[in-house]
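Structure first, commentary second.
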Amino acid sequence: MAKTRTAQELEKIFLEFAYYNDMKGVAFKPRAYELASESMAALGDEIKETWSRGGIKELKKLPGVGQSTAEKIDEYFRTGKIKEYAALKKEFPVDMWGLSRIEGLGPKHIRDLYKYLKVKNLTDLKKALKAHKVQKIPLWGEKSEEKLLRGLGLMEQAAGRKLLGYVLPLADEIVTQISKVKGVKRCTYAGSIRRKQETIGDIDLFATAANSEHVMDAFVNLPQVASMHEKGKTRASVRLNNGMDCDLRVVPDEVFGATLQYFTGDKRHNVLLRQYALSKGYTLSEYGLFKLTKKGTRKRGKLVVCKTEEEIYKHLGMDTPPPELRVGEDELEAAKKHALPNLIPYGSVKGDMQVQTDWTDGNTSIEGMAKAAKELGLSYMAVTDHTKALAFVGGLKDADVIKQGKEIDKLNKKLRGFRILKGTECDILKDGSLDLKNETLAKLEWVGVSIHSSFRLSRADQTRRLLRAIENPNVDCIMHPMCRIIGKREPIDYDMDEIIASAKKHRVALEIDAFPDRSDLRDIHVRAAVRAGVKLVISTDAHHPAHMSFIPLGEAIARRGWASKSDILNTKPVGELLSYLAKK
DNA sequence: GCCGTTTTCGGCCCGACTGTTTTCAGTCG
């Protein structure tokens, strides 16, 4: 769900409530407000819809939102502000949000900076650091000042989150290097990379070895490392040359499973799992699942399991949620009920359903792309060049599409064990009509349609536009349905529920475009489509042979959206796919 | 402040690293 300023503001307000309470030394409330903030972040724009639908009563149903928080949200939407928040800001006029972005600077230190030096924001902090006043604060010293200065610099040059597709190869490279270090038994990435999140903030790795200090030294001296944040006996943290942070933890090989579970996260998933473990008389850490000595106490007793993730979840009476599902929402409930989905395995996609060639803006011939696809182990691909509305890439006219079809027929006779489908990525024009004639579309085997213009239409107009396209009986698929380009273009706005319902009715598939900066559909939309019984396809939007290797990224999105193999059309062999399409 | 297989009161995840006042608080993931 998109986040408007309103949703983001609420997320920030509740996080600041958490910081203010933490700063004052109040117990437990910080965590409660933090959860409320996470709830706002997860909901995005739905928060206002929830409030409109049922006010405080409806808001209280949200996770982490109780009476007090619901009243604050209600006050915010009714009056545009929250009195208690305004009072806190007045009492303590400090930019908690901005200052806390600095690594190592938390609520208590922000309190002292304000108390002793009247530091309210980043500008004040820079001045105080320059005048070396920070080390004069009681209980602070020279090193604290240096650390803060370093943290400030790192924040200013830090790159934001990076796309999974670009981080994975780097993570693999580092894992390979650490694996070669003497004494290392196993090394793997965990964290958001293992969960295959859309974007990655930092690279989390761990290794198993008897002598950990030796591994730490090797790690901080890798060629990819620009600087070091901290280095202990079993944990180190560095800044890489590309601006990302990377953490390495070393543990004994026996506890591999427990560490993998702990380090994979996400944070909310682990908190929920650990809470559940406690309720069952266990305590869970990166060293294993332990029996509590006596129920109600926190004393750790005998080790129960630690070798694999599966045995830990099993001991708690549940199935193991695949990493892609570990987001701290309903996956643990499903795991307890043995109702986790049978996710589409990696390597299930048999054909790429969106491929551009040198007939338009691709850089390779149809034959060249087909050969590359075959080498990757695919057994078919759909040629889907752009249409004439995209004049700047030389989009195809009706006659060109027919001509291209004849060439594909020739190639298919020549190729052994591979099939090229005659397709298109036909433009959806502003009014929802299509850029090729119906008689042309009817001759194709795969008709994908997509939007490349008028991105800023109103929600109602954009919805109407897409519905009209879906209703065209020649259409098989909506390609990159959100039209976003991560970091460059916002998604277009329309009523996704209506589109999904219409796609179901007209037997139109939705695409998961695996190209890294598209990643479109997103996981939440995939899940909605799967629930509604709408079929999906995974494709790469390849413009170059190398792009077809993005397919696993699309499979990852499908997995995050709880999709099974049967939800994805192009896991079928080409014959079955064609007969499915023919029935439309 | 939130929440419920410990259920409307009494709990709230767990451990490593850093710096400093040397016994532990603060921060992070």
Lys/Arg N to Asp/Glu carboxylate O, A:R527 vs A:D330, below 4.0 Å: yes
Residues A:E333 and A:K336 bridged, charged N to O under 4.0 Å: yes
Sugar-phosphate, base or nothing in reach of A:L284, heavy atoms under 4.0 Å: sugar-phosphate
Separation between the C1' atoms of B:dC3 and B:dC13, rounded to whole Å: 16 Å
Phosphate contact (B:dC2 OP1 or OP2) by A:T69 side-chain N/O below 4.0 Å: yes
Base versus backbone protein contacts along nucleotides 19-29 of chain B [heavy-atom cut-off under 4.0 Å; B, S, -]: SSB----SSSB
Touch class at under 4.0 angstrom, heavy-atom based, for A:V26 against every strand present: nothing
SB check A:R235 A:E286 (cutoff 4.0 Å): no
Distance flag, aromatic centroids of A:Y19 and A:Y33, threshold under 6.0 Å: no
Cationic N near anionic O, under 4.0 Å, A:E103 to A:R239: no
Touch class at under 4.0 angstrom, heavy-atom based, for A:Y33 against every strand present: sugar-phosphate
Along DNA chain B (nearest heavy atom to each residue), the more 5'-positioned of A:R31 and A:E84: A:E84
